[in-house]
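If you're wondering where the values come from, they're calculated on a predicted model, not measured in any experiment. Reminder, nothing fancy here: chain letters follow the sequence lines and each chain counts from 1.
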Protein chains: 2
Amino acid sequence: MAEQVETLRRTPLSRDRVLHAAVALADEAGIESLSMRKLAQELGVVPMALYKHVANKDELLDGMIDVVVGEIDPPVSDADWQPVVRRRILSAREALLRHPWAPIAIEARNQATPAILGYLNSMVGILRERGGFSTDLAHHVMHAMGSRMLGFSQELFDDSRRAGRSGPADPEPPAGFPPEAAAAFPHLAAIAGAAAHDDASVVGPGCDDQFEFEFALDLLLDGVERLRQQGWTST
Amino acid sequence: MAEQVETLRRTPLSRDRVLHAAVALADEAGIESLSMRKLAQELGVVPMALYKHVANKDELLDGMIDVVVGEIDPPVSDADWQPVVRRRILSAREALLRHPWAPIAIEARNQATPAILGYLNSMVGILRERGGFSTDLAHHVMHAMGSRMLGFSQELFDDSRRAGRSGPADPEPPAGFPPEAAAAFPHLAAIAGAAAHDDASVVGPGCDDQFEFEFALDLLLDGVERLRQQGWTST
DNA sequence: ACCTGAACACCGTTCAAGT
DNA sequence: ACCTGAACACCGTTCAAGT
């Protein structure tokens with residue numbers, strides 16, 4: 001009877017429930033504190049129960065990545081390739097911003113999950129069909145865009161990723177560019193000061209991340225469009 | 001007496017020796033199998049002895065990163081900013097290729113080490129002094145180049161990082177683009193086939209990484225030069 | 001004062017014993 | 001057949017006991 005209460009109290013485990021609980025845990029506690037044991041505890045389950053739904057921790061991470069990739073909007077329809085690619089990449093960026101652990105997880109996993117392959121495949125399709133790119137140019141463009149295709153902002157240092165959004169990550173104030181560092185790195189101090197925003201550090205919070213992302217994205221997209229128009233080929 | 005032999009047999013520990021041993025261990029065994037305990041064993045020392053030279057594992061990683069950054073050549077002298085930046089970034093890339101774990105380590109650390117700040121500072125200096133960039137443009141360019149400034153190839157998937165260069169990483173052949181995946185991802189299969197090289201996968205070994213890196217780098221540098229010439233400003 | 005063994009609080013995962 | 005507790009082989013780091 002107590003058994004029956006138990007089974008009724010929580011919906012039964014499923015791969016989906018495991019994956020989404022893991023994503024939620026990583027979102028709020030940071031990826032470095034996601035462990036099989038803590039995840040199991042979160043789900044009110046014994047650690048080994050997870051292994052019925054994921055083969056191991058790496059497969060759990062793959063599944064989590066696919067959950068995030070699944071949040072990217074499908075391409076909008078438009079005559080030109082450029083706005084389609086642009087908007088989809090910005091949608092990918094939004095998904096990644098919701099899950100700050102995802103970029104390092106994806107890069108560290110270093111394995112194409114089916115969801116990522118599907119996303120990239122669809123992006124190549126847009127280049128080819130909407131933009132008339134040669135396979136040759138499309139290939140190099142995919143390399144050149146790299147992980148930016150997935151919305152990575154590629155910032156070298158980014159506090160947003162350090163811990164959960166709600167967690168007490170930094171007791172210290174964001175700090176900006178400390179005076180003693182300004183003396184040692186005058187050029188960095190200068191461009192930090194040039195930023196339109198107050199406590200901007202070189203790369204990181206304080207700068208308008210969205211502006212910087214779109215600046216870099218458009219620099220690439222415009223360069224690519226120029227190559228496309230002049231019929232660039234590597235051979 | 002046996003004591004004396006012991007002390008003579010190995011040079012005494014130092015921060016430098018610890019750091020270089022850690023880099024060597026990560027190079028050949030992969031960063032994921034670098035542990036304080038294994039590193040100590042490698043140095044013929046009890047684990048706790050390491051803590052005399054590094055505060056903890058994070059500080060060890062910072063030190064390792066600085067070793068790698070220290071391998072980047074100083075800037076060459078040239079009239080134009082573009083070849084100076086280009087050559088230095090390619091030198092950074094060479095350093096990172098020698099230490100495949102470094103990119104993820106740097107991104108995961110998410111903390112600017114002094115060596116990295118110094119490198120970035122010097123790159124801004126080149127833009128400002130050799131190229132006459134405004135602080136405003138230099139700032140956005142640093143964001144746009146992002147980790148590519150440090151020679152990251154930013155490939156989404158890259159076998160070279162998976163394990164040590166000499167280690168028995170992949171018993172399986174590199175595989176290229178498997179037939180069943182080709183059916184599911186036709187566009188990826190198409191561009192893989194378009195690559196001038198045999199078993200090219202979308203992104204990864206088989207492609208000419210050096211070509212792809214320089215293609216992307218020049219796309220960015222040319223775009224930046226165009227902005228510079230037209231006196232671009234964000235305000 | 002310095003060094004270090006044992007211990008602590010964790011991991012991911014195996015495996016055999018329970019139902 | 002399924003589930004799961006205990007165990008194994010690891011971690012990074014603290015701490016107290018040794019010299």
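Nucleotide C:dA9 is matched to nothing when pairs are restricted to Watson-Crick or G-U wobble geometry with both distances under 3.5 angstrom. When both distances must be under 3.5 Å, the Watson-Crick or G-U wobble mate of D:dT19 is C:dA1.
Rounded to a whole Å, the CG atom of B:Asp58 is 17 Å from the P atom of D:dC11. At whole-Å resolution of the value, CG in B:Leu25 and P in D:dC11 are 11 Å apart. The CG-P distance, from A:Leu13 to D:dC2, rounds to 16 Å in whole Å. A straight line from CG of B:Asn56 to C1' of D:dC11 spans 14 Å, rounded to a whole angstrom. Rounded to a whole Å, the CG atom of B:Leu50 is 16 Å from the C1' atom of C:dC2. Distance B:Leu60 CG to D:dC11 P: 14 Å, rounded to the nearest Å.
Ring geometry, A:His143 versus A:His139: the interplanar angle exceeds 60°, so the pair is classed perpendicular (tilted spans 30 to 60°).
The pair A:Asp73-A:Arg88 does not meet the salt-bridge criterion, since no charged nitrogen lies less than 4.0 angstrom from a carboxylate oxygen. Look at B:Arg98 and B:Asp27 and you find no salt bridge, because none of the NZ, NE, NH1 or NH2 atoms lies under 4.0 Å from a carboxylate O.
Distances were taken from every side-chain heavy atom of B:Met48 (C-beta onward) to each of C:dT13, D:dT14, D:dC11; the shortest belongs to D:dT14. The nucleotide whose nearest atom lies closest to any side-chain atom of B:Val46 is, among C:dT4, C:dG12, D:dC11, C:dT4. Of all nucleotides listed (C:dC11, C:dT4, D:dT4), D:dT4 comes nearest to the side chain of A:Ala49.
Taking the ring axis of A:Phe152 as reference, the NZ or CZ atom of A:Arg93 does not stay both within 45° of it and closer than 6.0 Å to the ring centre.
Distances shorter than 4.0 Å separate some side-chain N or O of B:Lys52 from OP1 or OP2 on C:dC3. Checking the phosphate oxygens (OP1, OP2) of C:dC11, no side-chain nitrogen or oxygen of A:Lys57 falls inside 4.0 Å.
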